2 protein chains.
Amino acid sequence: MLNDFIRTSKALSDETRVRIVSLLMRNELCVCQLMEILGMGQSTVSKHLGILRNAGLIEVEKRGTWSFYGLCRDKANRHNLDFIRLLPFLPKDDPFLQKDGKKLKEVNKKGVAFCSAITLNRRLRERSNNAG
Amino acid sequence: MLNDFIRTSKALSDETRVRIVSLLMRNELCVCQLMEILGMGQSTVSKHLGILRNAGLIEVEKRGTWSFYGLCRDKANRHNLDFIRLLPFLPKDDPFLQKDGKKLKEVNKKGVAFCSAITLNRRLRERSNNAG
DNA sequence: ATAATATATCACTATATTGTGATAAAGGAA
DNA sequence: TTCCTTTATCACAATATAGTGATATATTAT
């Protein structure tokens, strides 16, 4: 009932998750590609994807070891499509979304095989070690 | 930028606040009327109204000591109207919203003068004392 | 003036959420 | 098989949020 509505608006009430759906609006991506674009750890990205999926906003397709995520195209619950209709109104001139869009192009050019969850996780750890 | 979108979806990602906007869709109400319907304390209701107002979803009109709240009818920021357009899709058969709707009729019949913030706050405190 | 009321705001506790490292499960390559 | 990868999940720390009582402000009545 109300829970569907609240679960979905809650899913869209976090900056990272809005960035993710904004990217997935343009093309499907796997977890490690999203890590590269967002600059976040694998468990973080995976958790956010779980929340968006649970809300019926995105869907997965497994191919080998990769999980490709894209916008949900079907009625998954009572409100998912209503909220998906809001996504085209996301501000295209937002600095965050613009930066993400540029990174998206790079990642698409490189291709899935050239993104590495392990490398990025290591890099993130080194960076936080140097900072702290 | 993105903040407008997130602030608004966050405002709608809480059960109490969705109940409030659902009520204000039907007619304007003051804080103490909302207290009666929701069965919550005055500071709680007031805080939620502040969050909804800050998101551009509702607006206030002061008359005497009363603050009457209603749905926002103007463009308050970049996304408020997009989200307000979602409200008619709220599930009318939700048990919570139905119960609120019945209470709304009672409160409307009684009139503003017969709701009392002080009385309800006292009642709530007594109830929690008996429980704890 | 004083008293009573409606509302907003502050400080606090309890709970929820975010980001993270470690671990586990599962597919593909050597 | 063993090794390397991607992804999901768990446990934890840091932060954010919800609900509340007390307090402060403002309006109205006496």
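In what follows, chains are A, B, ... by sequence order, proteins preceding strands, each numbered from 1. Every value quoted in this text rests on a predicted model; they were computed, and no experiment measured them. Side-chain atoms are counted along with the backbone in the values below, which use heavy atoms only and exclude waters and symmetry mates.
Between B:Arg125 and D:dG19 there is no side-chain N or O to OP1 or OP2 distance below 4.0 Å. Contact between the side-chain N/O atoms of B:His48 and the OP1/OP2 oxygens of D:dT17 is not found at any separation under 4.0 Å.
Using a 4.0 Å cutoff to heavy atoms of chain B, the contacted part of DNA chain C runs 5' to 3' from C:dT5 to C:dT9.
For A:Glu59 and A:Arg73, the salt-bridge test passes: some basic side-chain N is under 4.0 Å from an acidic carboxylate O. Using a 4.0 Å cut-off between a side-chain N of Lys or Arg and a carboxylate O of Asp or Glu, B:Asp93 and A:Arg78 qualify as a salt bridge.
Note on residues 80-119 of chain B: pairs passing ring pair (Phe, Tyr, Trp, His ring centres under 6.0 Å), not counting sequence neighbours, are B:Phe5-B:Phe83.
For the segment residues 16-24 of chain A, residues with any heavy atom less than 4.0 angstrom from an atom of DNA chain C are, sorted by number, A:Thr16, A:Arg17.
Between the CD atom of A:Glu15 and the P atom of D:dA16 there is a distance of 13 Å, rounded to whole Å. Computed from coordinates, the B:Leu12 CG to D:dA18 P distance equals 12 Å when rounded to whole Å. Counting to the nearest Å, the C1' atom of D:dA22 and the CZ atom of B:Arg122 are 17 Å from each other. The distance between atom CG of B:Asn54 and atom P of D:dA16, rounded to the nearest whole Å, is 16 Å. Summarising the geometry, the separation between CG on B:Leu124 and P on D:dG21 is reported as 7 Å, rounded to the nearest angstrom.
Residue contacts shown for B:Ile51 are limited to sugar-phosphate atoms, with no base heavy atom under 4.0 Å away.
Rounded to the nearest 0.5 Å, atoms CG (A:Leu57) and CD1 (A:Ile20) are 11.0 Å apart. Note that CD of B:Glu15 is 10.0 Å distant from CG of B:Leu38, once rounded to the nearest 0.5 Å. Summarising the geometry, atom NZ belonging to B:Lys62 is positioned 7.0 Å from atom OH belonging to B:Tyr69; distances are rounded to the nearest 0.5 Å. In this structure, CD in B:Glu126 is found 11.0 Å from CG in B:Asn121, a value given to the nearest 0.5 Å.
The local environment of CZ in A:Arg63 is crowded, with over 12 non-hydrogen atoms from other residues, nucleotides or ligands closer than 6.0 Å.
A search for side chain to side chain contact (heavy atoms under 4.5 Å, CB included) contacts involving A:Ser13 returns A:Lys10, B:Ser9, B:Lys10, B:Ser13, not counting sequence neighbours. A search for side chain to side chain contact (heavy atoms under 4.5 Å, CB included) contacts involving A:Leu81 returns A:Lys75, A:Ile84, A:Arg85, not counting sequence neighbours.
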*asked:* Generate the contact string for nucleotides 2-8 of chain D. Rules: B means base contact, S means sugar-phosphate contact only, - means no protein heavy atom under 4.0 Å.
replied: ---SBBB
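Taking both residues in full, the closest heavy atoms of B:Met40 and B:Leu124 are given as C-CD1, 3.3 Å, listed atom of the first, atom of the second, then distance.
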